[in-house]
Amino acid sequence: MQLIDGKATAAQIKAEIAQEVERRKAEGLKVPHLAAILVGHDGGSETYVANKVKACAECGFTSTLIRLESTPEQPLDPAVLMSEIDRLNRDADVDGFIVQLPLPRHIDEQAVIEAIDPAKDVDGFHPVNVGRQSVGLPCFHSATPAGIVELLRRHGIVTAGKRVVIVGRSNIVGKPLAAMLMQKGPQADATVTVCHSATPELASLTCQADILVAALGRPGFVTADMVADGAVVVDVGTTRVPDASRKSGFRLCGDVDFDTVAPKCSAITPVPGGVGPMTIVSLMLNTLQAAKNRD
Ligand code: GUN
């Protein structure tokens with residue numbers, strides 16, 4: 001069984017990006033600049049955004065973090081967020097930006113996504129980028145699926161001709177990953193099945209997978225009886241589970257019951273240290289691309 005080390009792969013890619021930024025500087029080209037908007041104080045979002053800012057530094061990018069306060073007592077006026085997005089859309093120094101999700105419930109997430117200029121939408125969430133991706137045109141790809149594809153590629157795991165089963169149909173992971181892997185192309189050409197909460201006899205489908213992707217956000221959901229011998233298993237889950245033995249008070253738990261599933265697999269991604277670091281690296285690659293698009 002091969003443990004797919006996303007952390008090491010991500011470190012390698014960040015070093016490659018940093019070299020490219022140095023080359024750009026030597027050629028008098030602009031240093032990529034990523035901005036992030038964080039609304040409120042969701043614990044997971046705080047960590048993700050801090051990790052994105054740290055990754056920018058490692059890649060030699062400029063980063064800007066914009067914090068907008070929102071509490072149940074004093075909820076953020078959505079117009080303030082919209083005007084911040086408008087400002088970033090027009091800021092010539094910012095190559096790309098993200099609005100960290102989830103947003104407080106009173107804010108219309110889809111309206112926020114659609115307010116972002118597609119040319120700066122390095123999350124790849126705007127319908128223009130989603131649509132371009134689905135027909136195979138150049139675009140910003142959603143970071144987690146792009147990270148998974150790159151992780152498989154760098155570990156010599158071929159998707160062409162393989163049966164991929166994805167459990168989870170989110171707009172951020174399941175749907176875009178299915179669209180990417182079913183495209184024509186060397187790191188695609190898979191036969192993809194997307195399963196979800198209304199899929200009957202789930203295990204009969206997951207057991208047919210050469211590559212099984214668990215992206216439903218339910219800790220330990222995929223058990224050994226749902227996995228074929230020799231399958232590649234990609235675990236996208238990152239649920240915070242209370243753990244009094246940790247300083248943070250929680251641990252990250254994947255969607256796969258790792259201890260029982262791993263012995264059956266030819267390769268598996270751990271949580272943490274699998275897909276998570278690759279998601280951030282994909283955002284860095286999108287930001288680099290955004291800067292290149294503006295050269
Ligand atoms: N929340 C969870 N994943 C993501 C992501 O990739 N981008 C943004 N903006 N928010 C998220």
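Ligands are counted one by one from 1 in listed order, and the atoms in each one are counted from 1 as well.
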- Query: Do R240 and T47 have side-chain N/O donor and acceptor atoms under 3.5 Å apart?
  - Reply: yes
- Applying a 4.0 Å heavy-atom criterion (strictly less than), which segment of D123 is in contact with ligand 1: side chain, backbone, both, or neither? side chain
- Task: Answer yes or no: is there an ion pair linking R23 with E27, defined by an N-O contact shorter than 4.0 Å?
- Result: no
- Item | Nitrogen or oxygen of V99 less than 3.5 angstrom from that of ligand 1 | yes
- Message: I'd like to know whether V236 forms a side-chain contact (heavy atoms from CB on, under 4.5 Å) with T144, so could you lay out the CA-CA distance, the side-chain angles of the two residues, the decisive distance to 0.1 Å, and finally the verdict.
- Response: CA-CA 8 Å; V236 187; T144 300; 3.8 Å; yes
- Heavy atom of E109, distance to ligand 1 below 4.0 Å: no
- Message: For D95, is there an ion pair with K292 - N to carboxylate O distance below 4.0 angstrom?
- Response: no
- Message: On a heavy-atom basis, I'd like to know which of T238, L101, T279 is closest to atom 2 (C) of ligand 1.
- Response: L101
- Which heavy atom of the protein is the closest neighbour of atom 11 (C) of ligand 1, given with residue, atom name and distance? Q100 NE2, 3.3 Å
- With the threshold set at 4.0 Å, does a side-chain nitrogen-carboxylate oxygen contact exist between R67 and E84? no
- Go through M180 and K175 one step at a time and tell me if the side-chain contact (heavy atoms from CB on, under 4.5 Å) criterion holds. CA-CA 9 Å; M180 260 180 227; K175 281 184 207 160; over 6 Å; no
- Y48 near ligand 1 by a heavy-atom separation under 4.0 Å: no
- Message: Does only the side chain of T144 get under 4.0 Å from ligand 1, or the backbone, or both, or neither? Count heavy atoms.
- Response: neither
